[in-house]
Amino acid sequence: MKRAWSLTAFFLLAFGGGGAPALAQSAREIAESLDHAPIRFDAPVPELHEVSGVQVLFIEDRSVPLVDIFARFKGGYARLPRHDYAAATALPTLLRYGGTEILSPDSVDARLEYYALQTAFGSGGESIFSSLNTLTANLDAALDLWGSMLRYPAFDSAEVEGWRGRELEAVRRRPDDPQRLAFTEFNRLLFGDHPVGWEMDEGDLLPDRVSSQTLRDVRGRIVCPEHLLLGVSGDVSWQDMAPRLERLLEGWPPCTAPLPAPPIPDIREGGGVFVIPRTLEQSVLVMAHPTDVHLSEDPDYFAAQIGNTILGSGGFSSRLLSRVRTQEGYAYSAASLWTTPRKARGLIGAVTRTRPENAVPTLRLILEVMEEMRDAPPLDEEVRTSVDQIVNGFVFNFESPAQIVSRRMSFMAQDLPEDWLERYLAGVQAVTPASIHQVFLEHLRPEDMTILVVGDPDRMGPDALASLGPVTILEIPSGR
């Protein structure tokens with residue numbers, strides 16, 4: 001049996017005399033000598049049930065008198081034609097703020113406040129989701145109201161017009177937001193007429209495309225039981241929750257029309273430099289090219305995750321920030337990106353902002369750092385640091401039953417295995433410097449980067465920009 005020290009003895013030995021290094025060493029030795037049982041962490045595992053043909057993930061948690069309910073619907077603007085882009089984008093907001101068939105928007109707000117309910121509505125390109133948090137005592141009233149918002153929305157015309165007006169204003173102001181302009185135009189360059197490349201314009205926001213009726217039409221194709229996955233966690237048993245969910249789903253009509261498969265993007269190849277002229281003190285620089293690494297259990301996926309952390313997504317420990325900011329002082333921040341969709345191709349690249357005079361040197365430096373990732377494996381220490389960041393933060397994926405249920409729903413929507421987080425952890429722990437070097441050799445091509453610059457080309461030097469590739473000027477008028 002190891003010696004069990006008292007706190008008094010611990011502090012006397014640790015701080016009773018000697019220099020700081022000796023004190024630290026003594027404290028460490030004493031702490032390491034303490035006897036304790038091994039720490040064991042077992043995250044709760046959601047139960048999988050089915051109610052009226054809808055799958056439900058469930059965790060009972062009696063720690064506090066609260067219940068969380070989640071709904072995820074397959075479908076979003078990426079599964080619909082461009083004509084419905086604005087209506088599909090507006091749908092989550094107007095489910096929340098557009099009232100119901102029997103309650104005005106103000107009455108919905110009043111009931112949410114009266115019962116202390118928290119709701120959220122949002123969307124991605126291929127899904128729409130909503131959540132509800134309520135006191136257990138208010139569960140029935142909360143479900144009635146939330147269910148009405150999803151099943152019987154009124155899409156109040158004044159609220160619809162208010163949303164349309166705000167979006168029109170945002171469209172008109174977008175050309176004067178350099179960072180947003182850079183990202184939207186870059187997506188348009190690479191993805192073209194694909195949902196990733198779409199950006200709202202005044203044609204999308206014509207009154208006949210954003211109205212109470214168009215919203216009803218879009219809702220009928222997405223917010224229906226065939227596309228629904230539910231999750232529940234909190235202070236309620238499954239025996240008590242199941243009949244409540246049956247009432248929520250009872251009589252819910254099927255989808256009005258099937259959804260097409262999501263389109264596969266044809267991402268631009270070939271490199272080149274594109275410039276959007278703007279008189280700015282900080283130019284925005286974006287670069288990327290397509291890659292074929294997908295979210296999966298392929299070792300390349302895990303190597304890409306750790307490699308991207310080392311390259312530029314890992315903050316101050318990354319190579320890009322160290323070189324661009326700390327060594328050269330070109331920019332306050334710089335980051336890399338490596339997107340890995342489940343099925344389609346992704347992108348590898350980088351983004352930063354810098355003074356116009358430093359734009360070309362910064363771009364050259366970023367490309368140089370990328371070449372270094374291809375030329376040689378990263379250091380063992382770099383890999384250990386990046387892996388440790390993920391391992392040490394792993395427990396935060398399980399902070400609450402609600403978080404576990406919500407995350408598991410996301411995995412199910414992407415056809416990932418139930419224990420994906422555990423497999424992910426094992427995958428990143430298996431990454432080596434050699435596997436990172438190999439994935440960069442196979443998938444990173446700095447010479448093929450499409451580069452977009454928003455800034456003043458006169459201050460950058462037209463000849464200097466041309467040294468990076470053929471230059472194309474994109475004339476995009478400023479907003480108001």
Side-chain angles (χ1 to χ4, degrees), residues 39-76 92 117-124 126-140 142-143 146-147 150 222-250 252 295-297 301 342 390-391 393-428:
I39 297 174
R40 182 178 176 84
F41 173 71
D42 293 309
V45 177
E47 303 168 9
L48 181 60
H49 299 275
E50 186 173 303
V51 176
S52 301
V54 173
Q55 289 185 308
V56 185
L57 290 168
F58 177 80
I59 294 179
E60 183 175 344
D61 174 27
R62 299 291 187 172
S63 59
V64 291
L66 294 171
V67 178
D68 287 282
I69 307 170
F70 305 92
R72 187 182 186 98
F73 296 91
K74 178 179 65 178
L117 307 181
Q118 296 182 11
T119 61
F121 291 79
S123 67
E126 295 185 28
S127 64
I128 285 177
F129 44 86
S130 180
S131 65
L132 170 70
N133 174 271
T134 177
L135 289 165
T136 310
N138 296 334
L139 179 56
D140 289 321
L143 271 174
W146 188 60
L150 291 170
I222 296 174
V223 184
C224 39
E226 299 99 303
H227 297 159
L228 176 59
L229 175 64
L230 285 170
V232 180
S233 69
D235 182 32
V236 63
S237 68
W238 177 248
Q239 290 73 21
D240 289 335
M241 194 68 210
R244 289 181 165 98
L245 295 180
E246 287 175 357
R247 289 195 297 273
L248 174 71
L249 297 169
E250 184 179 6
W252 197 327
L295 171 61
S296 69
E297 293 186 72
Y301 167 73
R342 188 78 167 112
I390 293 174
V391 172
F394 185 69
V395 70
F396 297 109
N397 292 300
F398 307 93
E399 288 187 288
S400 70
Q403 183 188 42
I404 294 169
V405 167
S406 177
R407 191 180 295 275
R408 177 70 186 109
M409 291 173 69
S410 175
F411 296 161
M412 288 181 68
Q414 298 180 78
D415 297 321
L416 291 168
E418 292 183 13
D419 59 345
W420 170 247
L421 277 178
E422 290 80 359
R423 297 191 192 198
Y424 178 82
L425 184 64
V428 298

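Given the structure is predicted, the values throughout are model-derived calculations rather than measurements.
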Q. Taking C-beta and beyond as the side chain, do E60 and S233 meet within less than 4.5 Å on heavy atoms?
A. no
Q.
Is there a side-chain contact between L66 and L135 in this structure, where contact means two heavy atoms from C-beta onward sitting under 4.5 Å apart?
A. yes
Q) Nearest 0.5 Å, what's the CG-CZ distance between L48 and R408? A) 7.5 Å
**Q.** E50, CD: over 12 other non-hydrogen atoms inside 6.0 angstrom
**A.** yes
**Q.** Least distance between heavy atoms, Y301 atom then S296 atom
**A.** CD2-O, 3.3 Å
(Q) Using the rule side-chain contact (heavy atoms from CB on, under 4.5 Å), only one of V67, L132, D68 pairs with V232; which is it? (A) V67
Q.
Which label fits F394 and F398: parallel for a plane angle under 30°, tilted from 30 to 60°, or perpendicular past 60°?
A. perpendicular
Q: Using a 4.5 Å cut-off on heavy atoms from C-beta on, say whether the side chain of L57 contacts that of M412.
A: yes
(Q) Working note: F58 + V236, criterion side-chain contact (heavy atoms from CB on, under 4.5 Å); need CA distance, chi angles, decisive distance, verdict. (A) CA-CA 10 Å; F58 177 80; V236 63; 4.1 Å; yes
**Q.** Side chain S130, main chain A120, donor-acceptor under 3.5 Å
**A.** yes
Q.
Under a 3.5 Å distance rule, please check whether Q403 uses its side chain to pair with a backbone N or O of F396 as donor and acceptor.
A. yes
Q. Could you state the interatomic distance from OG (S410) to CZ (R72), rounded to the nearest 0.5 Å?
A. 4.5 Å
Q) Would a distance-only check, ignoring hydrogens and angles, find a side-chain to backbone donor-acceptor pair under 3.5 Å from H227 to K74? A) yes
Q: Kindly assign one of parallel, tilted or perpendicular to the pair W238 and H49, based on the angle between their ring planes and the thresholds 30° and 60°.
A: parallel
Q: May I ask you to test the F121-L150 pair for a side-chain heavy-atom distance under 4.5 Å?
A: yes
Q) Between CD of E297 and CH2 of W420, what distance do you get to the nearest 0.5 Å? A) 5.5 Å
Q | Closest contact, heavy atoms only, L249 versus S52 | A | CD1-CB, 4.1 Å
Q) Is any side-chain heavy atom of R423 closer than 4.5 Å to a side-chain heavy atom of L416? A) no
(Q) Give me the atom names and distance for the closest heavy-atom approach of P225 to V54. (A) O-CG2, 3.9 Å
(Q) To the closest 0.5 Å, what do you measure between CG (L228) and SG (C224)? (A) 9.0 Å
Q | Donor-acceptor pair, side chain of T136 and main chain of P65, under 3.5 angstrom | A | yes
Q) Looking at I59 and P401, what are the two nearest heavy atoms and their distance? A) CG2-CB, 3.8 Å
Q) CG/L139 to CG/L117 distance, rounded to the nearest 0.5 angstrom? A) 10.0 Å
Q. Considering all heavy atoms of both residues, which atom of G76 and which atom of I222 are nearest to each other, and what is their separation?
A. N-CD1, 3.9 Å
Q | Other residues, nucleotides, ligands: >12 heavy atoms within 6.0 Å of E418 CD | A | no
Q) At what distance, to the nearest 0.5 angstrom, does CG of L245 lie from CG of L143? A) 7.0 Å
Q.
Show the nearest heavy-atom pair for residues W146 and L248, with the distance to one decimal.
A. CZ3-CD2, 4.3 Å
(Q) With a 4.5 Å cut-off on side-chain heavy atoms, are I69 and M241 touching? (A) yes
Q. Is the shortest heavy-atom distance from the side chain of V223 to the side chain of W252 under 4.5 Å?
A. yes
